[in-house]
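In what follows, a single structure is set out as structure tokens and then discussed.
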Amino acid sequence: MQIPVFTVDAFTNRPFSGNPAAVCLLENDLDEDLHQKIATEMNLSETAFIRKLHPGDDFTKSSCFGLRWFTPASEVPLCGHATLAAAAVLFHIQKNTNSVLTFVTLSGELKARQVEHHIVLDLPLYLTYPQVLQEVEELIKAAVGDMIVQDLRYSPDTKKLLVRLSDAYERSVLEELQVSAQHFLSAEKTGKVKGLILTLKGNPSGKHKGHDFYSRYFAPWYGILEDPVTGSAHAVLSSYWSEQLGKKEMLDQIVKQQPPPSTTKRIFQSFYKLFNVPAVEES
């Protein structure tokens, strides 16, 4: 069985920027271990596997598919940029005729819509709750040293820790912060954190005015030291900053390895390859 694999740069309109994800189109069932082996070989932050849900489904005509995401180390419950990449392959490469696609995932049903030349995702919104500093003090120290932390929140649904730095800091402080994410693994003692978000309130009158907040995201627990652009973290950030700022529409800037600051543009297909794997035997 041959599996077509596309590498797609998400959240950008330029090749070799944004956040790349691999997308595999599965015509048939795939052995469970092969999902992880393929993702490990692709060695991108996420590899998405699109599968047909019913006999007779078609990548060009059907509107509902199964979707799973794997990092080089393990499966993850949600990935925004790989979902965007999956939708791009179906819309732009497979020429899917539907205006809305539904993906059945570990995080429920996710919708992807074509709006002119853009793809719009509907992602879950995850609430955060106050986190006691003493429980994660060593992890915070490993992440930001002696910097002032203004707020500390935890999202139990996503197992992400949100660390808001003091409003007194400028964007450049977050951007230039040297983070050794590998050290998080030994510093995290609770066993409940699987992702760490560093965020900072935007400065409406500063050099980079127009952005409501800035962020960086680290997930060494999944084999990702730093994710340059991540939708799953923004499912947490959007909830938090909406509450803090009293706004429903916001603009964020990822300040490390980010594409040019802009709203999401068209997805770019950069590479294509085939995996040859044994067919699954029916029992």
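Quick caveat: nothing in here was measured; it's all calculated off a predicted structure.
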Find the distance between [atom1] ([X]) and [atom2] ([Y]) and round it off to the nearest 0.5 Å.
X    : Y    : atom1 : atom2 : value
F6   : H92  : CZ    : NE2   : 12.5 Å
T128 : Y154 : OG1   : OH    : 12.0 Å
L101 : L90  : CG    : CG    : 5.5 Å
S242 : K248 : OG    : NZ    : 4.5 Å
M147 : L200 : CE    : CG    : 8.0 Å

Write out all pairs satisfying salt bridge (Lys or Arg N to Asp or Glu O under 4.0 Å) with one or both partners inside [range], taking only residues at least two apart or from two chains.
range            : answer
residues 88-101  : none
residues 185-194 : E135-K192
residues 64-81   : E32-R68, R68-E75

Could K141 and D146 be called an ion pair, given the rule that one side-chain N must be under 4.0 Å from one carboxylate O?
yes
Using the ring pair (Phe, Tyr, Trp, His ring centres under 6.0 Å) criterion, which residues pair with W241? Sequence neighbours excluded.
F213
Check salt bridge (Lys or Arg N to Asp or Glu O under 4.0 Å) between K111 and all other residues, then give those that pass, not counting sequence neighbours.
none
Identify, with sequence neighbours excluded, every residue that meets salt bridge (Lys or Arg N to Asp or Glu O under 4.0 Å) alongside D167.
R164
Holding to side chain to side chain contact (heavy atoms under 4.5 Å, CB included), I want the full list of residues that pass it with [X], two or more places apart in sequence or in another chain.
X    : value
S166 : I148, Q150, A168, Y169
D33  : D31, K37
T105 : L67, W69, F103, S107, L110

Considering all heavy atoms, the nearest K201-L245 contact:
CE-CD2, 3.9 Å
Donor-acceptor contact present, side-chain [X] to main-chain [Y], <3.5 Å:
X    : Y    : value
N98  : K61  : yes
S238 : A235 : no
E138 : V136 : no
D9   : F16  : yes
S155 : K160 : no

Check the pair F184, L161 against side chain to side chain contact (heavy atoms under 4.5 Å, CB included), reporting the backbone distance first and the verdict last.
CA-CA 12 Å; F184 293 179; L161 184 68; over 6 Å; no
Which atom pairs, donor and acceptor, lie under 3.5 Å between side-chain atoms of residues 42-51 and protein residues at least two apart or in another chain?
| unit_1 | atom_1 | unit_2 | atom_2 | d |
| --- | --- | --- | --- | --- |
| S45 | OG | H81 | NE2 | 3.3 |

Sequence neighbours excluded, the answer for side-chain hydrogen bond (donor to acceptor under 3.5 Å, both in side chains) partners of T40 is Q36
Sequence neighbours excluded, the answer for side-chain hydrogen bond (donor to acceptor under 3.5 Å, both in side chains) partners of E27 is K52
